[in-house]
Protein chains: 2
Amino acid sequence: MPHSATQTRPDKRERLIASARELLHRHGVQSTTLAEIAQAADVPPGNVYYYFKTRDELVHAVIEQHAERVRARLRSLEERPTPQARLKALTHAWVDDAPDVIEHGCPLGSLCAELNKLDGELADAAAQLFRIVLAWAERQFRELGRKDARELATTLFAGVQGAALVAATLDDERILTREARRLERWIDSLA
Amino acid sequence: MPHSATQTRPDKRERLIASARELLHRHGVQSTTLAEIAQAADVPPGNVYYYFKTRDELVHAVIEQHAERVRARLRSLEERPTPQARLKALTHAWVDDAPDVIEHGCPLGSLCAELNKLDGELADAAAQLFRIVLAWAERQFRELGRKDARELATTLFAGVQGAALVAATLDDERILTREARRLERWIDSLA
């Protein structure tokens with residue numbers, strides 16, 4: 001049933017992006033070669049250039065896939081009944097992913113930290129990932145009736161990012177759990 | 001006066017470490033070549049291997065230089081009369097360095113974020129930089145009579161690191177300034 005097989009396996013382009021996202025998170029952008037990505041995606045190395053002319057093009061596609069995943073995750077949080085519950089669930093998302101965060105850092109934070117040192121376009125594209133989360137959190141704080149919603153969103157997101165970085169660096173999941181709990185209490189205190 | 005000239009210019013090893021520290025901060029570990037470091041240090045590329053057999057050896061030396069600089073900076077904060085003033089001055093250190101932090105990220109935080117993705121020894125060595133700051137901040141909170149000094153030190157440092165990352169990513173110095181001010185008020189509230 002070749003047709004069904006084609007349907008169940010993502011096409012080569014999708015496989016390349018998914019493998020790149022995984023490898024960039026594990027090893028960083030600069031440490032990952034197109035050949036490694038092709039191998040992980042089970043795509044012949046010579047085929048990569050058919051889909052992505054440069055590594056930067058592939059990194060852009062990875063950022064776009066991150067953006068789609070972040071939006072989908074934020075949409076799933078919208079099911080919670082109150083902005084307070086939604087903000088706490090957002091904070092808890094890093095705890096849910098703790099093993100991965102401790103091992104390789106926050107996928108968004110570590111990507112932005114690395115791309116911030118490279119020039120221009122990729123850094124700007126990656127910064128959009130932060131903006132998506134911040135805009136969503138700001139909307140929740142605004143629904144809580146907070147005029148300083150923008151600042152509160154930044155404080156929350158910076159708190160989570162800092163906790164993820166310190167916990168990953170010190171290889172200590174408890175730091176992430178404890179800081180998330182503290183931020184959740186802080187959200188309750190504002191509501 | 002060749003002797004005097006020798007005294008005023010740091011030796012080649014020191015120059016290589018200082019240039020490497022600067023370039024690693026600007027461009028990241030994986031994006032910086034030994035040839036670029038040698039050129040920036042005005043040392044013939046062929047000489048580098050006399051001082052450092054591998055790039056990892058040079059990165060270790062950079063981490064050690066960071067550690068010395070961090071310790072010196074913390075010592076300079078000890079002149080402040082109270083633990084509260086010392087903790088606030090620590091927080092303000094990132095604001096004092098704001099242009100550099102916005103441009104390339106926190107030198108310690110972005111180094112740890114990158115090395116955390118590489119294997120073993122370098123990541124462990126870089127984590128010591130976080131531990132030096134955390135131990136110092138913990139001592140200050142303990143002097144304030146806080147039993148939860150360790151946790152408070154982590155919250156403070158994670159707050160600063162998160163603010164630095166978000167501010168650098170969004171290229172917005174006000175985020176760093178505002179979050180530092182918020183953390184300074186928080187220190188006051190604990191004292």
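Note on naming: letters A, B, ... go to the chains in the order of the sequence lines (proteins, then strands), and numbering restarts at 1 for each one.
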Contact part of Ile175(A) toward chain B, heavy-atom cut-off under 4.5 Å: side chain, backbone, both or neither? side chain
Residue part contacting chain A, namely of Leu24(B), when any heavy atom lies under 4.5 Å: backbone
Can you check whether Leu170(A) reaches Leu134(B) side chain to side chain, under 4.5 Å on heavy atoms? yes
Where on Glu151(A) is there a heavy atom nearer than 4.5 Å to chain B: the side chain, the backbone, both, or neither? both
Between Glu114(B), Arg182(B), Glu103(B), the one whose heavy-atom pairs under 4.5 Å with chain A are most numerous: Arg182(B)
Checking Ile102(A) against chain B: side chain, backbone, both or neither under 4.5 Å from a heavy atom? backbone
Selection from Cys106(A), Ala113(A), Ser31(A) maximising heavy-atom pairs under 4.5 Å formed with chain B: Ser31(A)
Does the side chain of Glu179(A) pick up a donor-acceptor pair with the side chain of Thr154(B) at under 3.5 Å? no
Same cluster for Phe157(A) and Val95(A) if Ile/Leu/Val/Met/Phe/Trp/Tyr side chains link at under 4.5 Å? no
Working for side chain to side chain contact (heavy atoms under 4.5 Å, CB included), residues Lys117(B) and His25(A): CA-CA 8 Å; Lys117(B) 293 193 191 283; His25(A) 182 215; 3.5 Å; yes
Which answer fits Leu156(A), side chain, backbone, both or neither, if we ask what part of it has an atom under 4.5 Å from a heavy atom of chain B? neither
Less than 4.5 Å to any heavy atom of chain B: does that hold for the side chain of Arg178(A), its backbone, both, or neither? side chain
Who wins among Asp171(B), Leu165(B), Asp124(B), Val29(B) for the most heavy-atom pairs under 4.5 Å with chain A? Leu165(B)
Any His104(B) side-chain heavy atom under 4.5 Å of Asn116(A) side chain: no
Determine the option with the most heavy-atom pairs under 4.5 angstrom with chain B, choosing from Ala168(A), Ser110(A), Gly159(A). Ala168(A)
